[in-house]
Novice: 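I'd like to ask some things about the structure below.
Source: prediction; values computed, not measured. By convention here, the first residue in the shown sequence is residue 1.
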Amino acid sequence: MSKRDYYEVLGVAKNASEAELKKAYRRLAMKHHPDRNPDNKEAEETFKEAKEAYEILTDAQKRSAYDQFGHAGVDQTRGGGGGGQGNFSDIFGDVFGDIFGGAAGGGGQGSRVYRGADLRYNMTLSLEDAVAGTTVKIRVPTMVKCGTCNGSGAKKGTSPVKCSTCEGHGQVRMQQGFFSVQQTCPTCRGSGQEIKDPCGSCHGQGRIQEQKTLSVKIPAGVDNGDRIRLGGEGEAGEHGGPAGDLYVQITVNRHPIFERQDNNLYCEVPVDIVIAALGGELEVPTLSGRVNLKIPAGSQSGKAFRLKGKGVKSVRGGAVGDLMCTIAVEVPVNLNSKQKELLQQFGDSLKGNGKHSPLSKSWMDGVKKFFDEMKF
């Protein structure tokens with residue numbers, strides 16, 4: 001009987017990665033292993049077929065030969081191994097080890113290292129600093145490698161010894177029915193070693209807590225919710241493992257004048273009634289200096305003026321945004337008697353001429369029409 005194509009057996013493409021091969025084999029092994037299907041010859045044969053395909057395709061040399069010559073290229077190299085059914089616990093050790101804390105213990109793995117934890121630092125910036133960019137010094141409490149024992153956790157002049165619980169493998173096997181799974185050794189926490197005489201500075205941890213001072217460069221254009229990653233500035237890893245990362249979380253304070261929305265800035269500009277009526281120029285602030293804003297005669301409250309290129313250039317690139325200035329016509333208050341008299345005279349001069357108050361005339365016409373059409 002001719003053998004099926006190994007890629008077809010596992011249900012993967014010919015360019016499948018090792019991770020994809022492992023995932024496919026894991027699925028088939030869980031479903032068809034004889035321990036889960038007693039007295040089922042079909043399941044046993046399917047499992048053997050999948051195991052053979054996995055062993056060939058995860059060996060770079062054999063996979064190359066198979067891709068070139070098919071089954072003929074690997075049948076002579078396999079010898080007598082690979083036809084056996086294997087133990088279900090071996091499947092867990094080989095394929096599922098990453099689920100339960102790393103590769104299975106085989107023959108002396110040595111000390112296992114662990115990546116340090118990532119840290120988060122909350123940073124609050126002014127709008128000006130967020131838009132222009134800046135450099136900020138921060139102090140971060142973190143775990144760093146112990147200088148006394150150089151991270152080993154053992155007292156100077158001594159060394160860690162092989163763990164007595166897992167015999168240096170870093171893993172222990174747990175039997176649950178027909179499942180035999182591996183878990184991280186509770187004594188050495190996966191390192192494979194015990195510290196009999198711990199370092200006095202770090203008490204066997206290999207790390208100590210310190211305040212670390214860092215200079216963080218804030219790029220121009222950051223906004224609320226942005227994160228800056230500082231690689232390797234998190235906690236030191238255990239047993240000499242790599243350090244984690246530090247993530248700086250940005251919050252931008254509310255500004256007394258401007259409000260940011262994406263790349264645009266918005267502000268409200270109070271305009272006195274005379275300038276709004278007669279027109280004129282106002283000096284308004286921007287984040288890059290002062291500019292003159294031209295107010296046309298007869299401008300009403302709520303009218304918006306766009307100042308091109310006076311907004312923000314996003315940290316992600318693109319064009320610079322604009323500054324949108326919305327005017328608010330201010331009614332004079334605290335008038336003296338003379339001012340009130342003059343204002344009354346001015347108001348009297350406007351009566352009966354709707355062209356001076358087009359919004360009021362339009363609104364009153366609408367109100368009149370509403371009442372005329374209303375049925376009581």
Side-chain angles (χ1 to χ4, degrees), residues 1-110 112-115 118 166 169-185 190 192 231 237 241-242 245:
M1 181 176 172
S2 60
K3 292 183 178 180
R4 285 203 299 156
D5 178 75
Y6 286 145
Y7 294 103
E8 181 185 341
V9 169
L10 295 179
V12 298
K14 290 189 180 294
N15 62 349
S17 66
E18 187 169 339
E20 291 171 324
L21 294 170
K22 180 182 287 189
K23 183 178 179 181
Y25 178 46
R26 175 189 303 170
R27 175 176 50 80
L28 292 170
M30 287 292 291
K31 183 177 180 180
H32 299 290
H33 195 280
D35 286 356
R36 301 193 69 179
N37 301 272
D39 302 322
N40 187 333
K41 289 294 182 184
E42 185 179 349
E44 182 178 344
E45 290 303 317
T46 302
F47 171 75
K48 287 180 180 180
E49 186 181 40
K51 188 170 187 289
E52 179 180 325
Y54 177 72
E55 288 175 347
I56 293 294
L57 296 182
T58 53
D59 183 305
Q61 186 175 353
K62 292 178 182 178
R63 182 174 182 175
S64 177
Y66 177 74
D67 288 342
Q68 281 187 281
F69 307 109
H71 291 289
V74 294
D75 282 347
Q76 299 303 314
T77 64
R78 298 193 69 240
Q85 155 181 323
N87 185 288
F88 204 22
S89 63
D90 295 336
I91 305 302
F92 274 94
D94 180 25
V95 182
F96 308 146
D98 53 327
I99 299 177
F100 298 104
Q109 301 183 109
R112 299 170 67 83
V113 297
Y114 294 90
R115 182 180 180 274
D118 292 336
C166 64
H169 299 316
Q171 302 282 314
V172 292
R173 292 187 185 274
M174 302 288 291
Q175 189 74 33
Q176 297 177 351
F178 62 83
F179 284 100
S180 178
V181 300
Q182 295 184 133
Q183 294 181 335
T184 301
C185 175
D245 299 330

Novice: Quick test of your reading of the model: are K48 and E52 salt-bridged, counting only N-O distances below 4.0 Å?
Specialist: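 E52 and K48: not salt-bridged.
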Novice: For the residue pair R63 and A16, what are the closest heavy atoms and their distance?
Specialist: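 Shortest heavy-atom contact: NH2-O, 2.9 Å.
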Novice: Short question: side chain of E45, backbone of E42 - any donor-acceptor pair under 3.5 Å?
Specialist: no
Novice: Within the side chain of N37, is there an N or O that forms a donor-acceptor pair under 3.5 Å with the backbone of N40?
Specialist: no
Novice: Out of curiosity, E49 CD to H32 NE2, how far, rounded to the nearest 0.5 Å?
Specialist: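 E49 atom CD to H32 atom NE2 measures 9.5 Å (nearest 0.5 Å).
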Novice: State, without any angle test, whether D67 and Y7 hold a side-chain donor-acceptor pair at a distance under 3.5 Å.
Specialist: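 Yes - a donor-acceptor pair under 3.5 Å links their side chains.
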Novice: Measure up the Y54 and Y25 rings against each other and bin them: parallel (under 30°), tilted (30 to 60°), perpendicular (over 60°).
Specialist: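 Rings of Y54 and Y25: parallel, under 30°.
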Novice: In sequence, state the C-alpha distance, the side-chain angles, and the governing distance for R115 and D245, and then conclude on side-chain contact (heavy atoms from CB on, under 4.5 Å).
Specialist: CA-CA 10 Å; R115 182 180 180 274; D245 299 330; 3.2 Å; yes
Novice: Applying salt bridge (charged side-chain N to carboxylate O under 4.0 Å, His left out), can you list everything that pairs with K31, at least two apart in sequence or on another chain?
Specialist: none
Novice: If every non-hydrogen atom of L10 is compared with every non-hydrogen atom of R27, which pair is closest and at what distance?
Specialist: O-NH2, 3.5 Å
Novice: Got a second to check how far T46's OG1 is from K41's NZ, nearest 0.5 Å?
Specialist: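 Rounded to the nearest 0.5 Å, the OG1-NZ separation comes to 12.5 Å.
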Novice: In Å and rounded to the nearest 0.5 Å, what is the CD to CG distance from E55 to L21?
Specialist: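 E55 CD to L21 CG: 12.5 Å, rounded to 0.5 Å.
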Novice: How far does CG of L57 sit from OH of Y6, to the nearest 0.5 angstrom?
Specialist: 8.0 Å
Novice: Any donor and acceptor pair, going by atom type alone, linking the side chain of S64 with main-chain N or O of A60 inside 3.5 Å?
Specialist: no
